[in-house]
Each structure stands twice: as C-alpha cells, then as structure tokens.
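Below, read A as the first sequence line, B as the second, and so on, with proteins coming before strands; counting in each chain starts at 1. FYI, side chains are in, hydrogens and waters are out, and symmetry mates aren't considered; it's all heavy atoms of this structure.
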Amino acid sequence: MSGNRSLQRIFDQLAAGIELLGGNSYRASSHRRVARVLRGLTDDVAALVEGDRETAVRRLTALPGIGKGAAARILEFLETGRIAEHERLLEQVPSGVFELLEIPGIGPKGARSLWRDLGVDSVDALRALLDQDAVAGVPRLGQRTIENLREALGFRAETEGRTPIGVALPLALALCERLRGVEGVARIAFAGSLRRGVDTVGDLDLLATCADPGLLRDAFLAMPEVERVLASGEHRCSVRVRADAAGGGRALQVDLRMVPASSWGAALLYFTGSKEHNVLLRERAIRRGQLLNEYGLFEAAAARPQDMGGTEGAAGDRPQDSGEAPIAAAGAGPPVRGETPLAAAEEADVYRALGLPFVPPELREEGIDPASVPSDLIELGDVRAELHAHTTASDGKLTIRQLAEAAKARGYHTLAITDHSASSVIANGLSAERLRRHADAVREEDARIRGIRLLAGAEVDVLPDGRLDYDDDVLAELDIVVASPHASLRQGREAATRRLVAAASHPLVHVVGHPTGRVVGRRAGLEPDLERLFAAAAESATALELNANPRRLDLCDRHVRAAVAAGCVIALDTDAHSDRSFDFLPYGVMTARRAGLKRDACINTWSRARLERWLRRKR
DNA sequence: GCCGTTTTCGGCCCGACTGTTTTCAGTCG
C-alpha cells in the first residue's frame, strides 16, 4: 500500500503545482482525480500492473480517470521510484508553498501571490509576516483577510486532521435535535461525508427547511458550542463549534444550509455528495438535456436561455445583468427558474427522474456506478447476533447475565461470550483454567435464560508469529473462537501476512477479529497482503470481522468489499464491553453498506439454526 | 490530462459567500 500512498501524494502535488504555477486548471484536476482513484484502490497498485507493459497500461487505463499520461507516470514511479515531472516541479516550487494550500481561505491564487509577491514560502513564513504586520497595502489583502488568516493559523495548530465518526455523529445528532425545536423548522438532517458513513469527517453539514430562516439562523449562531461565526448568509451559515469532553474537546466546522421545502430532496442529494457522485449525476443530466443543481432537476432549455454565444469558460463572460434575466431572484430565496422542476422534493424523485435506482448515501462514492446498486444491501435490522462480547471475567463491564439481557433487549437471537486470552494481561485475559470455568458458567446461564442463545467462546490473541494463545484442545471445547491480533501491530508486511493467514487457516478459528488492529486516525495497524489473507479465509471458510467500534471500523470499507469479492463472509460485531457498546452497531452497518455488503454475506444476519450449523462445521 | 448517447476536438458541475471591489475574483463545498 505504501506505493499507492506515495503515488497519491505525488499526483496531488502535481495538481497543486500546476495550479501554483498558473497552469491549466483542468489538467490539475485530472491529476487530482488520479490521486483519488489511487486512494480508492484496495490493494497495491504494483500488483495491478504485473506482467508486460502493454497489459499494465491496459489495466491502468481501464480505471476511470486514468489515461495514457497517468499510466505512464505510474509505471515510471514503479520502475524508478520517482517521477521526473514531479521532481522538476519540486525544483520550481518550495515544499512549504504546498502547505499554504492547507490553510482555509488560501487557494492556489492566494498561495501563488503570497509566494511570488511577498516571498512567503512556508506556513511559518506566513505566520512571521502576519506577526510583523508586514502586509499592509498589498492588493486583495485587507484587514479582514489578514485577521481571518491569523485565525485560520491558530485553528490549524489546534486541530490536526479529521474528526472520527464516533465523535462527529453524536454531535451532529445533538445539534439536529436542538435545532429541531426552533419554531418553524420543518425538517433538519445532517448530510455530507457523515451521512455517507465515512470513518472520519472534515466538517458537519446540516440541512434544514423552515418557515422563518432568520429565526433558525439566529438560533444556530447562538448555540453554546459556537466559538466563532465563519460566515452568515441568507441560505448558509458556518460556525466553529467545540465538542464536549467526550469528543476530546475537539473543534470543528459546522455548516447549516437552509432550503425551501420544495427543494429538500435535491439539496439533500447535493450536500450529501460525494462530489464525484454529484458530478456523475450532473453529467448524466446534461446528456439528457437537463440541469441538476441543489434546487432541483430542470429542463436545460428552461434554465439556460440565450447565453450560448462564444463563452470560453472565463468568468467575465457571464451574461450581463439586465432586466430580462431569466433567473429572477425575486428579492429573497434561491433562483427561481421560471419553471417547475422535474424533480426536487425528495432524493428518490431526483434519481427516478434521472432514470436511476435510489443510491443509498453510503454508496455515493467515486468509482461506484449509480446504476449498479445491490438490492439486498445489509440494513441495521438485519443483524440478529452479536458474536464478539466481553464480560467482567476479562475487561467488560457486565456479568454474563447482564450482557445476555442487554443483547436480548436488542432483539438478538444469539450472543457469543468471548473474553480475552491470557496474553492480553492489561485486559485481564483468562488463563486456560479460568476460561474452562468461565465457559461452564456461560453454559449454565444459557440453560437458565430464555429467548436468547449464549455461546461459550473466547477472543484468543493471535501472537506475533501466528500461533494462538490457547492450545487446540482448549479451543476445541468452545462453541466459537474469535482470533484477534492485539500486540505487535507495527510488524512488517510479510510477518503480518503470515500471522493473519495462520489465524484464518486455523481449523478451530471461526472469526478473525479486527484483522488489522488499526485505530481510526491514530494507528495504521497491520498492512498484510490482503489477497493472500482473503484467499486463506475464503479457503477455510473463516469469517473476517468488521468491528463496529467507531474507533476501529476494522476491516475498513474497502477491505470488506475486496474480502467479499474474494469469497469471504463477514462477521459484523460491536466487540461489546458494556450495554452502550451495542450502540456501535450503526457505525458498523454504515461501513458495511459502504462496502456494498449484502445481507447474506454477513453471518450475523443468519438464522440461529444456520449460524449454529456453520459454527459446528469447525468442531 | 481525460473523455465521448453532438467522440479524435473541444469541452470539462454549479451556486453561495466573503472581501474588496464599484461589478467581481477567489474560495469552498
């Protein structure tokens, strides 16, 4: 994967460099698209191009957005470890100038001007310049802009990176709940990458319809979490809020858009993204003689009257404002197109009018064909079993009985008790002796309790060399074995592959738990050869876990997609340590849906009888 | 640089908001 990451960075830099040097912006965005495509690849790009050069080029150019030029550059990198054009670029543009682009409010034009006109070649240089008040009199750099830059620099120092979904979702739900109470608010929801279930988000996007936008805006800006108002317009406001202690006190941006009720669907679609999905939909609309924007889907003729004469894309070529402008703003509100939209009120209407099936938010990503949506995509209510849970015997908060009652209350037909094994000392892992007594206790409780089946199991450590932390005769006594890596999560690719393949191939193992051991946004975890791991799991019918804990989400969406394509089944578990842990399930389901996981490929959706048959095959 | 249901040239999504401007450029999503 590291080759993919280096290539992504290079293509992103090529794109930024073209813009910084004032080159063709379409050329820049096509480089940027290559970077995104590489980011979406599951496995190493080097594996994709094995074989002769002609085959390699054909495989690469088969990817959307990668043409002959990009293919040649990718091959150049794989052969030589570098790309000549990229090195030439770095000779021309100091590396610090690229960092300027990461500051909100600074785009390519601004960075270029700071660099060329003022000699600012790094974020530190910009900070020094602002501290010295040395920017007075520079064109397009007024007092407000300078203040905003100072503010942005402070913000940057404070919040590195994106916000994990486990922090963002509860905050978004709380804000929606609060604003729903404002008089006149009819609908409010979150959109953006959070609605698509991405494991980290850059900001929150809220969408609302209301009778009196002014009231809602005032309420929004006055929320106690708001630290700073970034923008406040008629249709849109942006603020910076601070999450509570549970959210790590993290600051993040929240945008609120207010739209007419009649445009709800088109706006929700638009603000949910992804950007690439929106572009696909708009291009489709254009081909069908239509126009799609956040207010609806329109007949293009009605929206675009007589401005066809010789525009070259330059901004100055817009039709001059005249009394007969077809887009009559009528004082307030969005542009009225003078014509009823073909569809706008609900998302499903827009898809239907475009001749497409409804695409669930989780599948609106680059590279996913809107016309190919699986009909039996997994849903929250499909999950009927929790197969990875801890009690007070190791590091859980609940007794066997309490955990069983909690699972039963959630409607599960089966709960597996899988406490830690001995080498997880911090988690109070069980010795073989303790495990045997614990399993007896689970079976006694199973005999007593009604309405749920309890399985006696263990989450056994996969040791760094691939051996398991219990002997086979101990494992054979259990109803279910989840084997998970917990330590040595930085070992090399080959060692990690051997370790996980050994676990997946072990005849007594049912599930490989959180296979990579990653922690979202903090720890990359193991980076095994996924092709070999998935082949081993498929071969021995071992399930791979999608751990629903939002800190983990492991396997991640791309990996689940590839695992299922390789013939694996997936175990979707919350790794419950308390009653509240069961609330993690939606995160896992969203991730599973992003992977296109069908109900039947997830063992937690199976009937009790089918699940038990499957478990017994390894006993 | 990439792409094609007006395909090998000529396009390339669309609108809101800010700040610094007197009509718009730059940035963002």
Side-chain angles (χ1 to χ4, degrees), chain A residues 11 14-15 18-19 23-35 37 60-61 63-73 85 101 103-114 138-149 152 191-193 201-205 207 229-238 253-259 263 266-267 269-298 300 303-304 310-321 327 329 333-335 337 355:
Chain A
F11 276 96
L14 282 170
I18 289 165
E19 289 174 331
N24 180 331
S25 64
Y26 294 114
R27 230 182 116 227
S29 57
S30 83
H31 278 106
R32 201 158 271 132
R33 181 161 186 213
V34 173
V37 170
L60 285 171
T61 52
L63 297 167
I66 295 188
K68 285 211 174 80
R73 288 187 181 81
E85 189 190 348
L101 295 171
I103 297 168
I106 297 186
K109 301 274 172 59
R112 178 180 160 85
S113 150
L114 285 168
V138 176
R140 299 204 64 81
L141 211 53
Q143 200 50 44
R144 279 307 296 265
T145 305
I146 291 167
E147 270 174 40
N148 288 343
L149 283 178
S193 52
V201 304
D203 60 11
L204 298 184
D205 295 291
L207 185 70
V229 176
L230 303 170
S232 168
E234 199 178 341
H235 308 287
R236 202 194 71 179
C237 317
S238 290
Q253 184 172 327
V254 184
D255 296 343
L256 171 68
R257 337 256 176 163
M258 292 165 284
V259 300
S263 298
L269 182 63
Y270 181 65
F271 293 123
T272 296
S274 66
K275 195 174 172 179
E276 294 73 32
H277 185 76
N278 286 343
V279 169
L280 280 179
L281 296 186
R282 289 197 180 168
E283 287 173 349
R284 184 180 176 91
I286 289 169
R287 285 201 303 274
R288 294 162 65 96
Q290 299 162 336
L291 171 81
L292 178 63
N293 61 24
E294 58 260 58
Y295 298 108
L297 179 70
F298 300 87
R304 280 270 174 74
T311 63
E312 298 183 353
D317 288 341
R318 288 187 190 160
Q320 292 300 302
D321 192 32
I327 301 171
R337 298 283 176 183

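Rounded to a whole angstrom, the distance from the C1' atom of B/dC13 to that of B/dC28 is 14 Å. Spacing of P atoms, B/dC2 relative to B/dT6, comes out at 24 Å, to the nearest Å. For the C1' atoms, the distance from B/dT23 to B/dG29 is 24 Å, rounded to whole Å. Nucleotides B/dG19 and B/dC12, compared at atom P, are 31 Å apart to the nearest Å. For B/dA16 and B/dT20, the P atoms lie 22 Å apart once the distance is rounded to whole Å. Atom P of B/dT5 sits at a distance of 23 Å from the matching atom of B/dG1, rounded to the whole Å. Spacing between B/dT27 and B/dT21 at atom P, rounded to whole Å, works out to 15 Å.
Computed from coordinates, the A/Asp255 CG to B/dG15 C1' distance equals 14 Å when rounded to whole Å. Computed from coordinates, the A/Gln290 CD to B/dC13 P distance equals 17 Å when rounded to whole Å. Atom CZ of A/Phe298 is separated from atom C1' of B/dG15 by 12 Å (rounded to the nearest Å). For the pair A/Asn148 CG and B/dG26 C1', the interatomic distance rounds to 13 Å; values are reported in whole Å. In this structure, the CG atom of A/Leu256 is 15 Å from the P atom of B/dG29, given to the nearest Å. Taking atom CD of residue A/Gln143 and atom C1' of nucleotide B/dT20, one finds them 13 Å apart after rounding to whole Å. At whole-Å resolution of the value, CG in A/Leu204 and C1' in B/dC28 are 16 Å apart. Computed from coordinates, the A/Glu276 CD to B/dG29 P distance equals 14 Å when rounded to whole Å.
For A/Arg257, taking side-chain heavy atoms from C-beta onward, the closest of the listed nucleotides B/dC14, B/dT5, B/dG29 is B/dG29. Minimum atom distance to the side chain of A/Glu234 is reached by B/dC17, of the listed B/dC17, B/dC14, B/dG29. Which of B/dC17, B/dT27, B/dG1 sits closest to the side chain of A/Pro108 comes down to B/dT27. Of the candidate nucleotides B/dC14, B/dC17, B/dG26, B/dG26 has the atom lying nearest to any side-chain atom of A/Lys109. Of the listed nucleotides (B/dT20, B/dG15, B/dG1), B/dT20 has the atom at the smallest distance from the side chain of A/Thr145. With distances taken from any side-chain atom of A/Asp203 to the nucleotides B/dC2, B/dG29, B/dC17, the minimum falls on B/dG29. With B/dT5, B/dG1, B/dA16 as the choices, the nucleotide that has an atom nearest any side-chain atom of A/Arg287 turns out to be B/dT5. Of the candidate nucleotides B/dG15, B/dG1, B/dT5, B/dG15 has the atom lying nearest to any side-chain atom of A/Glu294. For A/Tyr26, counting side-chain heavy atoms from C-beta on, the closest listed nucleotide (B/dT20, B/dC12, B/dC2) is B/dC12.
Using a 4.0 Å heavy-atom criterion, one finds that A/Arg73 contacts the sugar-phosphate atoms exclusively. Looking at heavy-atom distances under 4.0 Å, A/Ala28 makes no contact with the nucleic acid at all. Counting any heavy atom pair closer than 4.0 Å across all strands shown, A/Arg144 reaches sugar-phosphate atoms only and no base atom. Counting any heavy atom pair closer than 4.0 Å across all strands shown, A/Ile18 reaches no nucleic acid atom. At a threshold of 4.0 angstrom between heavy atoms, the contacts of A/Glu19 with the nucleic acid are absent. Among the protein residues, A/Asn24 comes within range of the nucleic acid bases, having at least one heavy atom under 4.0 Å from a base atom. If you check every strand for non-hydrogen atoms under 4.0 Å, A/Leu281 touches nothing.
Taking for each of A/Val279 and A/Asp205 the nucleotide of DNA chain B with the nearest heavy atom, the 5'-most of the two is the partner of A/Val279. For A/Ser232 and A/Gly110, each mapped to the nucleotide of DNA chain B holding its nearest heavy atom, the one lying further toward the 5' end belongs to A/Ser232.
Rounding to the nearest 0.5 angstrom, the gap separating the OG atom in A/Ser263 from the CD atom in A/Glu294 is 9.0 Å.
For B/dC2, the OP1/OP2 oxygens have no side-chain nitrogen or oxygen of A/Ser29 closer than 4.0 Å. Under 4.0 angstrom from either OP1 or OP2 of B/dC14 there lies no side-chain N or O belonging to A/Asn278. For the pair A/Lys275 and B/dG29, the criterion of a side-chain N or O lying under 4.0 Å from OP1 or OP2 is not met. Distances shown here put every side-chain N or O of A/Arg112 at or beyond 4.0 Å from the OP1 or OP2 atom of B/dG26. For the pair A/Tyr270 and B/dC28, the criterion of a side-chain N or O lying under 4.0 Å from OP1 or OP2 is not met. Proximity of A/Arg236 to the phosphate of B/dC17: no side-chain N or O atom is located under 4.0 Å from OP1 or OP2.
Using a 4.0 Å cut-off between a side-chain N of Lys or Arg and a carboxylate O of Asp or Glu, A/Glu276 and A/Arg282 do not qualify as a salt bridge.
Residues A/Asn293 and A/Ala266 approach most closely at O-CB, 3.9 Å, considering heavy atoms.
No cation-pi contact links A/Arg73 to A/Phe11, judged by a cut-off of 6.0 Å to the six-membered ring centre and 45° from its axis.
With sequence neighbours excluded, the residues that form a side-chain contact (heavy atoms from CB on, under 4.5 Å) with A/Thr272 are A/Ala191, A/Arg195, A/Arg196, A/Leu268, A/Glu347, A/Pro361, A/Arg364. Scanning for side-chain contact (heavy atoms from CB on, under 4.5 Å) contacts around A/Arg284 gives A/Arg287, A/Arg288, A/Leu354, A/Leu356, with sequence neighbours left out.
Contact annotation: the side chain of A/Arg236 never approaches that of A/Met258 to less than 4.5 Å [non-hydrogen atoms, C-beta and beyond].
Judged by Watson-Crick or G-U wobble contacts below 3.5 Å, the nucleotide B/dC9 has B/dG4 as its partner.
Formation of a donor-acceptor pair under 3.5 Å by the A/Ser274 side chain with backbone atoms of A/His277 is found in this model.
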